[in-house]
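All values reported here derive from a predicted model rather than from experimental measurement.
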Amino acid sequence: MRSTFELADVVNLFGAGLVARTKCTPLHLKVLGKIVQCRTSALGGHELTCQNCGSIHYSYNSCGDRHCPKCQAAKQAFWIDDLMQNTLPVKHYHIIFTVPHQLNAVCLHNQRMYYDLLFSAVWNTLHSFGYTHYGAETGTVCVLHSWGQNMSLHPHIHCIVPAAGYTMDGRWKEIGHSGKYLYPVQQMSDAFKGKFLDSLKRSLRKQNELPLFNDMIQLVYETKWVVHCEPSLASAEHVVKYLGQYTHRVAITNQRILNIADGKVTFIAKDYREGAIKKPVTLDGIEFLRRFTMHILPLRFVKIRRYGIYNHTLKRNLNLQFAELEKPTISAIIKQKQPSETRLERFERLTGINPCICPACKSGLMVRVRELPRIRAPAWFLPGQPLAHS
């Protein structure tokens, strides 16, 4: 269902003001333009009619951008289904690596470098602890988030780590301490801090930019860094679905936007300082959009990464098997010969929703009558003019 207010409404109302007041990159403008036009006549679509009741409906195309709150449901369902087939059938730990907010200026200066170094520091920490504590090659699936509940800049990485590793002599080995914790959290925090700051200084030094940020880097050496490790979760299926909640999130969803009035936007945010109580937060409309653009990732940046035994290349090179090989049965052979399911059939299997069912009578099937062409050459983001028209 369409919520009363959407992110597209905020962009339409305050986008021109954002362009006039701040320095938006071409990528920011492109993403905001896609969000405005998503599922509107501007992108074209189809005219549909119900075979049962004869009602006519119009279905407009999605923009498909990963920052759009309307385009993530199918991607998330498919990602979970794919990962489920390539996950060890063991318990997993959920670990979150966070970075002090004092380094936000470095992040905004060069997002791609900063996030790449963050991923590397996280994996180098987990990789070294796997060998020093258990003598085994471990693995992880990492997901980058860059926002807090109030849409402020808060880079952190969610990881799921299996309670198993692969030893040098080719054996699977259980790791972890009775499911309570994987590694000593304080040691892991100190190691992560050292690895990240060391790599950050080296990268800035190569670009002759270290003097710009050296003072704040020295300051965070004295700061306590937070690495949170939750006890091992249940089955692998439960873990994958749990991580799936984080994979395709965007900085703000339409469901969280409560009101747009008097040049301000009000939305729901959890206050973790008071037990994650949900509270309304009100921001100036242009400030709301400015915060949103901080979380637009660099072009083609990979925000979900697999390492170690969960990396496809290492898994192939070591010929790792995550399940015992079984002799195929006749039914399995017949199933392999059957045509693979379509994208629509897969979506219905995973979500229980059939988008072809008539929204009016709830029983008939919608059939395509004609195609609606998209509007060519849209005038996006001209300062002082409306950003787009639905």
Side-chain angles (χ1 to χ4, degrees), residues 11 14-15 17-35 65-67 96-125 142-159 189-227 249-252 283-284 286-305 381 383:
V11 179
F14 305 108
L18 177 74
V19 172
R21 187 181 300 181
T22 65
K23 185 178 180 180
C24 290
T25 67
L27 177 61
H28 292 169
L29 300 182
K30 183 177 181 180
V31 170
L32 294 177
K34 286 184 176 181
I35 291 173
D65 194 276
R66 60 176 169 178
H67 303 94
I96 307 171
F97 291 83
T98 61
V99 183
H101 65 87
Q102 289 90 338
L103 293 176
N104 284 353
V106 188
C107 179
L108 293 174
H109 177 71
N110 191 333
Q111 279 185 311
R112 186 181 298 275
M113 175 200 73
Y114 191 87
Y115 293 148
D116 278 334
L117 294 177
L118 187 56
F119 271 112
S120 296
V122 166
W123 170 236
N124 288 337
T125 301
C142 300
V143 181
L144 171 69
H145 276 188
S146 61
W147 58 84
Q149 279 288 304
N150 62 356
M151 294 177 63
S152 60
L153 188 62
H154 177 57
H156 57 285
I157 290 184
H158 292 266
C159 309
S189 301
D190 293 339
F192 169 62
K193 175 170 65 174
K195 292 178 185 296
F196 179 70
L197 292 181
D198 180 62
S199 60
L200 181 61
K201 288 195 298 183
R202 281 189 279 109
S203 295
L204 290 173
R205 188 178 292 113
K206 288 181 180 179
Q207 301 172 14
N208 296 320
E209 295 175 337
L210 182 57
L212 297 175
F213 306 103
N214 190 55
D215 289 342
M216 64 181 66
I217 291 176
Q218 296 305 319
L219 180 64
V220 295
Y221 268 112
E222 308 300 324
T223 305
K224 182 179 178 181
W225 289 40
V226 178
V227 174
R249 282 185 182 178
V250 294
I252 188 75
L283 294 175
D284 175 77
I286 295 178
E287 171 62 15
F288 179 94
L289 276 186
R290 186 195 69 82
R291 293 193 184 189
F292 178 80
T293 57
M294 288 194 301
H295 309 295
I296 295 177
L297 295 174
L299 190 64
R300 298 187 189 85
F301 184 84
V302 181
K303 73 168 187 174
I304 305 175
R305 305 188 183 187
F381 300 103

Candidates N104, T98, L103 - the one meeting side-chain contact (heavy atoms from CB on, under 4.5 Å) with P155:
N104
Donor-acceptor contact below 3.5 Å, side chain [X] vs main chain [Y]:
X	Y	answer
N124	S120	yes
Q102	T223	no
T293	R290	yes
W225	V220	yes
T22	V19	no
R291	N150	yes

Do the ring centers of [X] and [Y] come within less than 6.0 Å of each other?
X	Y	answer
H109	F213	yes
F97	F119	no
H145	H158	yes

Would you say H295 and S146 are linked by a side-chain donor-acceptor pair, where the criterion is simply a distance under 3.5 Å?
yes
So, taking the atom named [atom1] in [X] and the one named [atom2] in [Y], what distance separates them when rounded to the nearest 0.5 Å?
X	Y	atom1	atom2	value
F292	E287	CZ	CD	14.0 Å
D190	K195	CG	NZ	12.0 Å
Y114	N110	OH	CG	11.5 Å
F196	I217	CZ	CD1	8.5 Å
L32	C24	CG	SG	6.5 Å
I157	L118	CD1	CG	3.5 Å

Only counting residues at least two apart or in another chain, list the ones meeting salt bridge (Lys or Arg N to Asp or Glu O under 4.0 Å) with R202.
D198
Non-hydrogen side-chain atoms of [X] and [Y] separated by less than 4.5 Å:
X	Y	value
D284	F14	no
C107	L153	yes
F192	L197	no
R66	V250	no
H156	V99	no
M113	L204	yes
D65	I35	no

I would like to know whether L144 and L297 meet side chain to side chain contact (heavy atoms under 4.5 Å, CB included); could you show each step before the answer?
CA-CA 10 Å; L144 171 69; L297 295 174; 4.1 Å; yes
Test side chain to side chain contact (heavy atoms under 4.5 Å, CB included) on I96 and C159; report intermediate values, then the result.
CA-CA 6 Å; I96 307 171; C159 309; over 6 Å; no
Verdict with reasoning, H67 to H28, per side chain to side chain contact (heavy atoms under 4.5 Å, CB included)
CA-CA 10 Å; H67 303 94; H28 292 169; over 6 Å; no
Heavy-atom pair of closest approach, residues V122 and C142
CG1-SG, 4.2 Å
Return the minimal non-hydrogen interatomic distance between Y221 and K193, and the atom names on each side.
O-NZ, 3.1 Å
Can you pull out every salt bridge (charged side-chain N to carboxylate O under 4.0 Å, His left out) where at least one residue sits in residues 104-124? Sequence neighbours excluded, please.
D116-R305
Any chance you could lay out the side chain to side chain contact (heavy atoms under 4.5 Å, CB included) test for M151 and W147, step after step, and finish with the verdict?
CA-CA 5 Å; M151 294 177 63; W147 58 84; 5.6 Å; no
Ring pair (Phe, Tyr, Trp, His ring centres under 6.0 Å) with F288: which residues, sequence neighbours excluded?
F267
Enclosure of H154 NE2 (heavy-atom neighbours >12, cutoff 6.0 Å):
yes
